[in-house]
Amino acid sequence: MAHHRNGLAARRRTVGLTQEALAEHMRVDRSTIARWESGRTAPQPWMRPRLARLLRVDAEGLNDLLTARTSHGTQGQDALDDAILRPDRIDLLAVATLRTRFDDCAARYDRVPSAGLIAEAAAQLNRIDQLAAGSSRGRVQRELHALHADACTLMGQLIWDASQRRDHATATTYYEQSAGLARHLRDTTLEAHALLRTCYVALYGAHQAQAGLALAEQAAEIAARTSPALSGLALLHVAEAHAILGSTPACERALFNAERRLDHVVAGDAAADLVSPTQFGRLAGSCYLSLGDHRRAETLLANTAEKLRDRRKSRAIVLGNLTLARIRQRDVEAGVASLTEAITELETTRGGGGMNIVFGAARELRPWRQEPLVAEVHDRLLGLMTAA
């Protein structure tokens, strides 16, 4: 997709903006700008007027940059069509086309309900599985197996989220399949990612903090040599596991080590797109909430919620935790305000993590249920539950 990359990137440079500066103006992560410029994803329609103004082009000019096709793209589709008929003839161009479609699906996770993506993701996974089984040995097969591992991880993520974080068994089965493929490839970054996803199920679904801690530590260790991004992210969850277990010194030690590793992330890190500048504040805020330091948690979570705009499911979780921090300080008005924001995000995305936290926060508002503000937010929660 060279034309996408060269056109958008060149125009950005022409108006004197770095990727980081454009990301700040657009209120997205730098990795999002990189994906737009590579042609892997495209900005949502409501974002395009602002992007056009920043790039100093009109709507038609921006559309030309976003929709331009190259012979490379047409050849990729032809190569994929041929591979479907003859799996033994699949080539790297066909694999690249599969990867682009997978990335497009994965990029929508934070913006739309997971239930609406499962059928598409399952179809992609089945096709990748069939093509990997029929491909010959070598680089093509390796790239297909790596894509297969990523697709299994995404499938587990979607199913767990769509089930409101209840279907632990199915999600874990997909993560185990991904980890097995990663070990076959000797790809420690892929393996650590699958283990970290399994850690989430233990920590936030099954509420098994010790098991989650062991998985997060294992993921951090496996990723340490190859991916500071993934290793740092795993250490953030090591910190949260320690916080859930009530150990402040161990939690803060893990937070310190996570921050050091995340400071060494470079653009070429294979897991760079899994972390964002808001990641530390989000997890540290959650840690201090678990440790009972509600004022510190509120400060971290409020700052993170303000910056977190393009990951809406994550933002709902942050706002839910912010609500809990405020309620536990008996600041009901501020708590209702952040809870209302969280509900607004969930009405669009229906993220399982956010739903669980928001309904938990609502239960903590029961002592004030007769107050008009609280009664009103309970009505919105009822509507959210009814629409589920």
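These values consider heavy atoms only, across backbone and side chains, with no hydrogens, waters or symmetry-generated copies.
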Listing request: all salt bridge (Lys or Arg N to Asp or Glu O under 4.0 Å) pairs with a residue in [range], at least two apart in sequence or in separate chains.
| range | value |
| --- | --- |
| residues 196-223 | none |
| residues 167-189 | R183-E191 |
| residues 335-344 | R315-E341 |
| residues 277-293 | none |

Membership question, hydrophobic clusters at under 4.5 Å side-chain separation (ILVMFWY): are [Y] and [X] in the same one?
| X | Y | answer |
| --- | --- | --- |
| I128 | I90 | yes |
| L274 | L203 | yes |
| L233 | I244 | yes |
| Y204 | F359 | no |
| L384 | V374 | yes |

Connecting only ILVMFWY residues whose side-chain heavy atoms lie within less than 4.5 Å of each other, what is the rest of L185's hydrophobic cluster?
L190
Under 4.5 Å side-chain heavy-atom separation, chaining through any Ile, Leu, Val, Met, Phe, Trp or Tyr, what else clusters with L235? Say none if it is isolated.
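Same cluster as L235: L213, V238, L245.
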Under the 3.5 angstrom rule, does the side chain of [X] hit a backbone N or O of [Y] as a donor-acceptor pair?
| X | Y | result |
| --- | --- | --- |
| R369 | R366 | yes |
| R166 | G205 | no |
| T100 | A96 | yes |
| T173 | A169 | yes |

Ignoring hydrogens, what is the shortest heavy-atom contact between [X] and [Y]? Give both atom names and the distance.
| X | Y | result |
| --- | --- | --- |
| A171 | V201 | CB-CG2, 4.5 Å |
| D269 | A229 | OD2-N, 3.0 Å |
| A305 | L319 | CB-CD2, 3.8 Å |
| C105 | L154 | SG-CD2, 4.3 Å |
| G351 | Q164 | O-OE1, 4.3 Å |
| M47 | P43 | CB-CB, 4.4 Å |

Nearest 0.5 angstrom please: [X] [atom1] to [Y] [atom2], how far?
| X | Y | atom1 | atom2 | value |
| --- | --- | --- | --- | --- |
| L289 | L283 | CG | CG | 12.0 Å |
| N321 | H294 | CG | NE2 | 10.5 Å |
| L301 | L322 | CG | CG | 5.5 Å |
| H207 | R165 | NE2 | CZ | 9.5 Å |
| T188 | L230 | OG1 | CG | 9.0 Å |
| M355 | I317 | CE | CD1 | 12.0 Å |

Beyond-backbone contact of [X] with [Y], side-chain heavy atoms, under 4.5 angstrom:
| X | Y | answer |
| --- | --- | --- |
| L346 | R350 | no |
| L196 | L215 | no |
| W160 | M155 | no |
| P49 | R53 | yes |
| R11 | V15 | yes |
| L51 | W36 | yes |
| L125 | H148 | yes |
| N303 | T299 | yes |

Could you name each residue pair satisfying ring-ring contact (aromatic ring centres under 6.0 Å, His included) that touches [range], not counting sequence neighbours?
| range | answer |
| --- | --- |
| residues 171-194 | H145-H184 |
| residues 362-381 | none |
| residues 80-115 | none |

Do other residues, nucleotides or ligands put more than 12 heavy atoms under 6.0 Å from the [atom1] atom of [X]?
| X | atom1 | result |
| --- | --- | --- |
| E347 | CD | yes |
| Q329 | CD | yes |
| E364 | CD | yes |
| R27 | CZ | no |

Do you see a donor-acceptor pair shorter than 3.5 Å between the side chains of [X] and [Y]?
| X | Y | result |
| --- | --- | --- |
| T172 | T198 | no |
| T278 | T304 | no |
| T323 | S338 | yes |

Under 3.5 Å, side-chain donor or acceptor atoms of residues 111-121 against the rest of the protein: list the pairs with distances, not counting sequence neighbours.
| residue | atom | partner | partner atom | Å |
| --- | --- | --- | --- | --- |
| R111 | NH1 | A107 | O | 3.1 |
| S114 | OG | D161 | OD2 | 2.6 |
| S114 | OG | K313 | NZ | 2.8 |
| E120 | OE1 | R108 | NH1 | 3.0 |
| E120 | OE1 | R108 | NH2 | 3.3 |
| E120 | OE2 | R108 | NH2 | 2.8 |

Under the side-chain contact (heavy atoms from CB on, under 4.5 Å) test, residues paired with S178 that sit two or more places apart:
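Partners of S178 by the side-chain contact (heavy atoms from CB on, under 4.5 Å) criterion, ordered by chain and then number, come out as A149, C152, T153, A194.
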Criterion side chain to side chain contact (heavy atoms under 4.5 Å, CB included) on E20 and I33, from CA distance to verdict
CA-CA 8 Å; E20 290 78 5; I33 302 299; over 6 Å; no
Do R326 and L339 pass the side chain to side chain contact (heavy atoms under 4.5 Å, CB included) test, and can you show the C-alpha distance, the side-chain angles, and the key distance before you say yes or no?
CA-CA 10 Å; R326 288 170 168 173; L339 183 58; over 6 Å; no
Between L131 and V95, does the side chain to side chain contact (heavy atoms under 4.5 Å, CB included) criterion hold? Intermediate values first, please.
CA-CA 9 Å; L131 291 172; V95 176; over 6 Å; no
Side chain to side chain contact (heavy atoms under 4.5 Å, CB included) between H242 and T248: does it pass, once the steps are laid out?
CA-CA 7 Å; H242 281 304; T248 301; over 6 Å; no
Would you be so kind as to tabulate the donor-acceptor pairs closer than 3.5 Å made by side chains of residues 249-263, with sequence neighbours excluded?
| residue | atom | partner | partner atom | Å |
| --- | --- | --- | --- | --- |
| E252 | OE2 | Y288 | OH | 2.7 |
| N257 | ND2 | R253 | O | 3.3 |
| R261 | NH1 | S231 | OG | 2.3 |

